[in-house]
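Here's the structure we're looking at; comments come further down.
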Amino acid sequence: MTTVGFIGLGIMGGPMAANLVKAGFDVVGYNRSPEKTAKLVAQGGRAAASVAEAVRGADVVITMLPDSPDVQAVALGEDGILANAREGLLYLDMSTIRPDTARAVAEAGRARGVRVLDAPVSGGEQGAIEGSLSIMVGGEAADFEAARPVLAAMGSTIVHVGPAGAGQTVKAANQLIVAGTLELIAEALVFLEAHGVDTEAAVKVLAGGLAGSRILERKATGMIARRFQPGFRVELHHKDLGIVTAAAREAGVAIPLGAVVAQLMGALKAQGYGDLDHSALLKLVEQLSGRNAG
Ligand code: NAD
């Protein structure tokens with residue numbers, strides 16, 4: 001039986017770890033706030049009291065943490081993953097972090113005989129619960145093949161996109177598309193409401209045409225109802241747009257719309273909405289339009 005150490009049992013990591021249990025893996029979970037580990041135990045997993053405990057005895061280790069500094073600390077820290085890894089360990093970081101950090105972690109892993117893949121995901125909380133995530137993987141092809149059975153328990157579209165860091169670069173592009181699309185949906189909804197149009201009916205017909213998208217299908221109803229519980233937190237998308245703008249600048253690529261959306265997401269966070277779902281971009285459009293401000 002393959003033992004998987006799973007670190008970071010939040011909105012995404014919790015259901016992903018539960019799906020690994022369902023698929024028959026021996027899952028040892030660790031989270032900074034322990035009540036989330038208790039939930040995994042109730043679902044058939046085991047609890048670890050530290051990163052070291054989750055890593056010792058594991059064949060595969062997965063992290064699903066908020067940001068680059070969290071992954072750096074947990075992977076490279078004094079009593080972290082690499083310090084406790086056995087030779088040949090397969091380590092998959094599934095968080096969304098900076099591509100250069102992913103490359104640095106992969107290099108540090110290689111120096112210690114640990115096989116590292118960056119494997120960020122798309123599909124949201126719903127995809128994590130359903131086990132239908134899209135997983136974009138950077139790293140060695142042989143390591144990708146070794147990780148495939150584990151990834152298949154969490155996702156349905158699993159693609160090796162290139163060397164270390166490439167998964168994170170693809171994820172950055174994903175976040176650019178999602179943020180831009182959400183902003184346009186927010187603008188369209190406020191626009192339709194201002195004209196007194198039945199937005200439910202409008203979304204139904206829009207979803208069937210060229211403007212249709214999974215984002216429209218999954219998010220518009222909640223936005224119309226002003227339901228903004230996350231989902232995907234504004235704070236995390238703000239972090240991701242920082243990654244996108246930095247990586248675009250590094251490559252000398254202009255992303256004018258992306259830059260505007262990054263500013264809007266930052267403004268939403270600055271107004272105290274960091275813990276709302278990213279579809280709360282609609283609140284900002286309302287404020288800018290002098291409608292239901294606040
Ligand atoms: P979250 O904040 O719900 O979960 C993160 C978890 O990590 C929390 O439970 C937190 O307690 C734990 N944690 C933080 N630091 C830790 C540490 N040092 N040791 C152990 N545990 C620690 O976030 P999330 O929404 O699950 O997102 C996780 C990652 O996945 C982020 O990088 C995010 O950008 C990405 N992501 C999220 C979504 C989504 O829809 N929520 C979709 C795709 C990708």
Side-chain angles (χ1 to χ4, degrees), residues 5-19 28-40 45 47-55 61-81 83-84 92-99 101-102 105 118-137 151 154-155 157 167-168 170-179 182 214-215 218-219 222 228-244 265 269 274-280:
F6 204 116
I7 300 163
L9 301 166
I11 290 179
M12 297 296 284
M16 288 162 70
N19 280 329
V28 186
Y30 171 69
N31 194 82
R32 208 170 38 187
S33 38
E35 65 278 1
K36 293 181 180 156
T37 319
K39 191 168 173 203
L40 176 68
S50 64
V51 171
E53 206 180 303
V55 174
V61 168
I62 295 174
T63 44
M64 195 53 170
L65 297 164
D67 200 354
S68 306
D70 306 304
V71 173
Q72 264 168 329
V74 169
L76 311 178
E78 212 173 294
D79 204 18
I81 294 169
N84 288 284
L92 321 178
D93 175 40
M94 304 188 75
S95 332
T96 304
I97 64 166
R98 298 170 54 104
T101 304
V105 170
D118 48 299
V121 307
S122 176
E125 184 184 16
Q126 194 179 331
I129 293 167
E130 291 168 355
S132 63
L133 293 168
S134 251
I135 310 179
M136 36 221 109
V137 188
L151 295 173
M154 298 177 280
T157 305
Q168 295 296 353
V170 175
K171 175 65 185 178
N174 183 84
Q175 294 307 79
L176 176 62
I177 294 168
V178 173
L182 266 178
R214 198 163 300 167
I215 303 172
R218 285 201 181 170
K219 292 288 183 181
F228 298 127
Q229 72 271 28
F232 187 58
R233 289 187 288 119
V234 165
E235 198 171 2
L236 289 175
H237 212 148
H238 174 61
K239 174 248 320 178
D240 292 350
L241 292 170
I243 294 172
V244 173
M265 200 68 81
K269 178 174 182 268
D275 281 332
L276 294 187
D277 189 71
H278 52 169
S279 57

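In each ligand, atom 1 is the first atom listed, and ligand 1 is the first ligand listed. Treat the numbers as computed from the prediction; the structure is a model and nothing was measured.
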Close approach, [X] and ligand 1, non-hydrogen under 4.0 angstrom:
X: Ala73; value: no
X: Lys239; value: yes
X: Ser122; value: no
X: His237; value: no

Under 30°, 30 to 60°, or over 60°: which ring-plane class applies to Phe232 and His237, parallel, tilted or perpendicular? perpendicular
Ignoring hydrogens, what is the shortest heavy-atom contact between Met16 and Val121? Give both atom names and the distance. CE-CG1, 4.3 Å
Which atom names give the shortest non-hydrogen contact between Leu151 and Ala119, and what distance separates them? CD2-CB, 4.4 Å
Just do the side-chain contact (heavy atoms from CB on, under 4.5 Å) check on Leu133 and Met94 with the steps written out, would you? CA-CA 11 Å; Leu133 293 168; Met94 304 188 75; 5.7 Å; no
If I apply the N/O under 3.5 Å rule, does Val74 come out as touching ligand 1? no
N/O of Lys171 under 3.5 Å from N/O of ligand 1, yes or no? no
How does [X] reach ligand 1, if at all, at less than 4.0 Å between non-hydrogen atoms: by side chain, backbone, both, or neither?
X: Arg233; value: side chain
X: Leu236; value: side chain
X: Asp67; value: neither

Can you sort out which atoms of ligand 1 are near [X], meaning under 4.0 Å from one of its heavy atoms?
X: Gly10; value: 3 (O), 4 (O), 6 (C), 9 (O), 26 (O)
X: Ser33; value: 11 (O)
X: Lys36; value: 8 (C), 9 (O)

Got a salt bridge between Lys219 and Asp277, using NZ or NE/NH1/NH2 to carboxylate O under 4.0 Å? yes
For atom 31 (C) of ligand 1, which candidate among Leu65, Leu133, Leu9, Val178 holds the nearest heavy atom? Leu65
